[in-house]
K.L.:
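Would you mind keeping the following structure in view while I ask a few things?
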Amino acid sequence: MGIDPTLLEILVCPLSKAPLKEVEGALVSTDPDTRMRYRVEENIPIMLVEEGEQMTPDEWREAMGND
């Protein structure tokens with residue numbers, strides 16, 4: 001079970017303010033400059049920049065290509 005689609009529509013990356021995409025149980029910023037990934041615990045997104053991780057360019061491109 002993933003993030004509620006209505007919630008996903010309003011959530012943005014706290015660093016870049018870019019929309020997010022749900023990828024393999026995490027939320028990934030669609031911003032190619034920051035490439036941030038935020039974990040989700042028990043369907044609750046952990047949307048703190050200091051808790052997020054920056055993906056490598058290759059990881060991010062792969063995540064953005066998985067629709």
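Below, each value reflects all heavy atoms present in this structure, side chains not excepted, and no hydrogens, waters or symmetry copies.
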K.L.:
Do L15 and L8 belong together in a cluster built from hydrophobic side chains that touch within less than 4.5 Å?
P.N.:
yes
K.L.:
Closest approach of V28 and W60, non-hydrogen atoms and distance?
P.N.:
CG1-CD1, 3.8 Å
K.L.:
Taking atom NZ of K21 and atom OG1 of T30, what is their separation to the nearest 0.5 Å?
P.N.:
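Going from the NZ atom of K21 to the OG1 atom of T30 covers 9.5 Å.
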K.L.:
Between atom CD of E24 and atom CZ of R37, what is the distance when rounded to the nearest 0.5 Å?
P.N.:
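Between E24 CD and R37 CZ, I get 8.5 Å after rounding to 0.5 Å.
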K.L.:
What heavy-atom pair brings Y38 and V49 nearest, and what distance separates the two atoms?
P.N.:
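Closest approach of Y38 to V49: CE2-CA, 4.2 Å.
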K.L.:
What heavy-atom pair brings T56 and R35 nearest, and what distance separates the two atoms?
P.N.:
C-NE, 3.6 Å
K.L.:
Kindly indicate whether the side chain of P19, heavy atoms from C-beta on, has any atom under 4.5 Å from the side chain of V12.
P.N.:
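Answer no - side chains too far apart.
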K.L.:
Do E22 and V40 have side-chain heavy atoms sitting under 4.5 Å apart?
P.N.:
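SC-SC contact between E22 and V40 ruled out.
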K.L.:
Nearest 0.5 Å please: distance from the OG atom of S29 over to the CE atom of M64.
P.N.:
7.5 Å
K.L.:
To the nearest 0.5 angstrom, please state how far the CD atom of E53 sits from the CD atom of E59.
P.N.:
7.0 Å
K.L.:
Taking all atoms of both residues into account, what is the closest heavy-atom pair of M36 and G52, and its distance?
P.N.:
CE-C, 3.7 Å
K.L.:
With a 6.0 Å cut-off (strictly less than), is the heavy-atom count around CD of E50, excluding the residue itself, greater than 12?
P.N.:
yes
K.L.:
So I3 and P45, do their side chains get closer than 4.5 Å, heavy atoms only?
P.N.:
yes
K.L.:
Over all heavy atoms of both residues, which pair between T34 and Q54 is shortest? Give the atoms and the distance, please.
P.N.:
O-NE2, 3.0 Å
K.L.:
Taking all non-hydrogen atoms of both residues into account, name the closest pair between M47 and L27 and its distance.
P.N.:
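Heavy atoms only, the tightest pair is SD-CD1, 4.0 Å.
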